[in-house]
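See structure below.
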Amino acid sequence: MENRITDIGPPYYAQFFPPVIKKNYGKWKSHEIIEPGVLKYTSETGDVVYVVRVGTPRLATTDYIREVCEIADKYCDGYVRWTTRNNIEFHVTDEETLRALKEDLKSRKHPGGSYKFPIGGTGAGVTNIVHTQGWVHCHTPAIDASGIVKAVMDDLIDYFESMTLPAQVRIALACCLNMCGAVHCSDIAILGIHRKPPLIEDDRLEYVCEIPLVLASCPTGAIKPATVEIDGKKKKTVRVQESRCMFCGNCYTMCPAMPIADGEGDGVAILVGGKISNRVSAPKFSKLVIPYIPNEPPRWETTVKWVRKILETYAKHARKYERVGEWAERIGWERFFELCEIPFSSKTMDDYRLAYDTYRTSMHFRFTSHVDIK
Ligand code: SF4
Ligand code: SF4
């Protein structure tokens with residue numbers, strides 16, 4: 001413990017402000033988006049700052065960060081910041097530097113051809129996808145994160161670089177229903193799900209798991225304590241009542257002897273209609289609309305297709321300023337399923353504790369036609 005430094009917290013944020021931000025802190029009068037990816041802020045002191053926003057893969061090498069720093073050194077006196085959706089923003093104070101910065105950013109590509117710093121992510125478009133660890137680093141995922149995000153953003157890059165939608169569309173991904181991040185409150189959410197109960201490794205469970213914790217981790221009370229005999233020795237373990245299990249994987253999070261991942265069982269669910277802002281309507285949770293799409297690495301074609309289908313149906317039918325959830329609620333969810341041509345299944349109907357409030361307790365509905373489940 002000698003010379004141990006602790007509890008020092010993060011560095012004070014204001015020491016990293018560009019001089020123009022420091023000078024005008026709390027004095028900003030207005031802002032406008034002058035083109036996709038470029039914002040102009042005007043202060044009551046008359047100062048102006050241009051912000052260029054670029055997409056990033058979030059998961060980045062130190063070489064990539066060094067390149068960001070090199071750009072910041074060249075155009076922004078060494079200052080740069082990341083946004084809450086893991087885009088990067090460069091600040092400049094004159095139009096000539098702005099032009100040079102944009103040209104430089106556009107010219108930088110990875111050896112495979114992908115843009116390193118695509119400019120965009122502002123206004124009524126699709127900005128970066130908030131996502132998780134996936135197969136890169138977590139032990140509980142049902143899907144990958146970086147791979148699906150890359151496939152979806154490749155397909156939607158035009159929407160990142162433009163502002164043609166009725167309102168901004170937030171896409172998020174979480175690789176299991178721990179939902180690290182924003183899938184529960186996003187316009188379109190990609191979520192990893194399992195479809196089979198956990199395996200139970202009886203021979204080691206009592207050594208690596210706290211059994212009461214395992215029992216308490218199950219939202220449906222599907223797990224019971226049990227004793228088994230292995231090689232003449234009694235061992236404490238658990239049993240899962242499979243008809244009660246809905247494959248959440250919580251028990252595996254608590255107990256490494258209950259693995260649940262399965263190549264064929266696991267896949268993607270799509271949720272729609274969440275938002276966190278209070279603008280016009282209150283914040284909303286996203287709702288399940290597609291219960292299962294198989295994992296299709298490396299390009300997840302079916303997931304990509306459905307995300308685009310939902311996005312473009314919304315773009316075609318929603319009113320200006322209307323978020324995906326506001327649009328779906330105005331037209332009615334049955335019409336949402338009809339327009340998006342999403343097959344409706346019983347899996348989409350809530351059956352958990354407070355489910356009653358989600359059923360229709362009214363004679364108000366529209367006659368619609370629906371796509372059959374194959
Ligand atoms: S969402 Fe689940 S699998 Fe993904 S990083 Fe979080 S805990 Fe891990
Ligand atoms: S996967 Fe979820 S529902 Fe199934 S037994 Fe484990 S905790 Fe319970």
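Side chains included, hydrogens not; waters and symmetry mates left out as well; all remaining heavy atoms used. Whatever order the structure lists them in is the order used to number ligands and atoms, beginning at 1.
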Practice task
Please confirm if an N, O or S atom belonging to C218, backbone or side chain, lies less than 2.8 Å from atom 4 (Fe) of ligand 2.
Solution key: no
Practice task
Report yes or no: do T56 and K116 form a side-chain donor-acceptor pair below 3.5 Å?
Solution key: no
Handout entry: Pair R99 + E96: basic N to acidic O under 4.0 Å
Key = no
Exercise for the section: With K22 as the cation and F17 as the aromatic partner, state whether NZ or CZ is under 6.0 Å from the six-membered ring centre and within 45° of the axis. Expected result: no
Exercise for the section: Could you see which bit of T132 sits under 4.0 Å from ligand 1, with heavy atoms only: side chain, backbone, both or neither? Expected result: side chain
Problem - Side-chain heavy atoms of P18 within contact of R81, under 4.5 Å - result: no
Problem - Enumerated ligand 2 atoms positioned under 4.0 Å from heavy atoms of C245 - result: 1 (S), 3 (S), 4 (Fe), 5 (S)
Practice task
Check ligand 1 against Q133 and write out every atom of the ligand that is under 4.0 Å from a heavy-atom position of the residue.
Solution key: 5 (S)
Exercise for the section: Provide the number and element of each atom of ligand 1 under 4.0 Å from a heavy atom of P141. Expected result: 3 (S)
Handout entry: Contacting atoms of ligand 2, where contact means under 4.0 angstrom from a heavy atom of T220
Key = 3 (S)
Handout entry: Distance from atom 4 (Fe) of ligand 1 to nearest protein heavy atom, with residue and atom
Key = C175 SG, 2.2 Å
Practice task
For G249 and ligand 2, answer yes if some heavy atom of the residue is under 4.0 Å from a ligand atom, otherwise no.
Solution key: yes
Practice task
Give the contacting part of C138 toward ligand 1: side chain, backbone, both or neither, where contact means a heavy-atom distance below 4.0 Å.
Solution key: side chain
Practice task
Using a strict cut-off of less than 4.0 Å between a Lys/Arg side-chain nitrogen and an Asp/Glu carboxylate oxygen, indicate whether R239 and D202 qualify as a salt bridge.
Solution key: yes
Practice task
Using a strict 4.0 Å threshold on nitrogen-to-oxygen distance, state whether K29 and E44 make a salt bridge.
Solution key: no
Exercise for the section: State plainly whether the residues D187 and R323 are in salt-bridge range, i.e. N to O under 4.0 Å. Expected result: yes
Problem - Part of F247 within contact of ligand 2 (heavy atoms, under 4.0 Å) - result: backbone
Exercise for the section: Say whether E326 and S281, considering side chains only, have a donor N or O and an acceptor N or O under 3.5 Å apart. Expected result: yes
Problem - Taking atom 6 (Fe) of ligand 2 as the reference point, the nearest protein heavy atom with its distance - result: C251 SG, 2.3 Å
Exercise for the section: Could you tell me whether K102 and E35 have a side-chain N and a carboxylate O separated by less than 4.0 Å? Expected result: yes
Exercise for the section: List every atom of ligand 1 that sits less than 4.0 Å from any heavy atom of C180, numbering the atoms from 1 in the order shown and giving each element. Expected result: 1 (S), 6 (Fe), 7 (S)
Exercise for the section: Using a strict cut-off of 4.0 Å, indicate which atoms of ligand 2 neighbour a heavy atom of I223. Expected result: 5 (S)
Exercise for the section: Would you mind checking if D154 and R299 are paired as a salt bridge, meaning a charged N to carboxylate O distance below 4.0 Å? Expected result: yes
Exercise for the section: Tell me which protein heavy atom sits closest to atom 3 (S) of ligand 2, plus the residue, atom name and distance to 0.1 Å. Expected result: M246 N, 3.5 Å
Exercise for the section: Starting from atom 2 (Fe) of ligand 1, find the nearest protein heavy-atom neighbour and note its residue, name and distance. Expected result: C176 SG, 2.3 Å
Exercise for the section: Could you tell me the residue and atom name of the protein heavy atom closest to atom 7 (S) of ligand 1, and the distance to it rounded to 0.1 Å? Expected result: N178 ND2, 3.3 Å
